[in-house]
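What follows is a short report on a single structure.
Atoms within a ligand are numbered from 1 in the order they appear, just like the ligands themselves. One is the number of the first residue; the rest follow in order along the sequence.
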Amino acid sequence: MDEIARALTEVVNSLPDRVTLVAVSKFHPAEALMEAYRAGQRVFGESRVQELLAKQALLPADIRWHFIGHVQTNKVKALVGRVSLIESVDSERLLNLIDAESERRGVVTRVLFEVHVAAEDTKTGFDPQEVLDYFAQHKYHSLKAVHICGIMGMASHTDDRERISADFRAIAAVFNQVKEMCPDLTGFDTLSMGMSDDYLLAVAAGATMVRVGSRIFGQRT
Ligand SMILES: *Cc1c(COP(=O)(O)O)cnc(C)c1O
């Protein structure tokens, strides 16, 4: 068995059944994704629109593509209709642009709200309070062609496992509060958090989706 298939199998076997694995393939060539595909992987995460579209053209049609990077507003048109989930919606403005473009194209776009709890202020995302306010005001009722499926987040970039776990619990708390506040929000069931070095901590904190890259594909160049 090749390296990628072996590493993938190890990650898959470490996950409970309820958790979806997103294989983060950014910066790796289509052949690397194909190795993971042959080993059974169907969900792939990319962070740049052009790179995603280029790989999509080369790879099997039953792959479910997740967009996990910052979405520039001028890339919304290229992305809508091409992906199974946009995990990284980080502003209402972006959300409304995706909604308008999806309606125009006659498709429904599934998204996650990216929430920012990490220590670094360089990372993008809604503040937890912004997310809670959005849902408390039931603003999602005005969406025409976007389905909000849950929350995505990242822990602080640190070796402090306690801090990482605390960040994951904070992200999970936002997810659970939204669910409680909005029982009419059907299909709000996805909590995407955890990467190569911390995905088991994320699973312990309630993640239903993890995004693992370098542990499967090796270091990015
Ligand atoms: C790159 C990336 C990942 C995967 O990171 P690894 O450490 O390689 O597992 C996960 N989530 C997001 C948002 C990323 O940009």
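When non-hydrogen atoms are compared, ligand 1 lies under 4.0 Å from the side chain of M154 (C-beta onward) but not from its backbone. Residue S196 touches ligand 1 through backbone and side chain together, judged by heavy-atom distances below 4.0 Å. Residue-level proximity to ligand 1 for R215 is absent, since no heavy atom of it falls below 4.0 angstrom.
Listed for the R18 side chain is a donor-acceptor partner under 3.5 Å among the backbone atoms of A207. Not one N or O on the side chain of E101 forms a donor-acceptor pair closer than 3.5 Å with the backbone of V76.
Heavy-atom neighbours of D159 CG from other residues, nucleotides or ligands within 6.0 Å: at or below the threshold of 12. Shown here is Q137, whose CD atom has more than 12 heavy atoms of other residues, nucleotides or ligands within 6.0 Å. Applying the 6.0 Å contact sphere to CZ of R163 captures more than 12 heavy atoms from other residues, nucleotides or ligands.
Distances from ligand 1 to the non-hydrogen atoms of K26 include at least one value under 4.0 Å. E87 does not count as a contact of ligand 1, since none of its heavy atoms falls under 4.0 Å from the ligand.
Of all the listed residues (S192, S214, S25), S214 holds the heavy atom that lies closest to atom 7 (O) of ligand 1.
Given atom 11 (N) of ligand 1, the protein heavy atom at minimum distance is R211 NE, 2.9 Å. Looking from atom 12 (C) of ligand 1 to the surrounding protein, the closest heavy atom is I68 CD1, 3.6 Å. Given atom 3 (C) of ligand 1, the protein heavy atom at minimum distance is M195 SD, 3.7 Å.
Ring-plane geometry between F113 and F126 is classed as parallel, the angle between the planes falling under 30 degrees on a 0 to 90 degree scale with a further cut at 60.
By the 4.0 Å N-to-carboxylate-O rule, E3 lies close enough to R6 to be salt-bridged with it.
Below 4.0 Å from some heavy atom of V212 lie the following atoms of ligand 1, by number and element: 9 (O).
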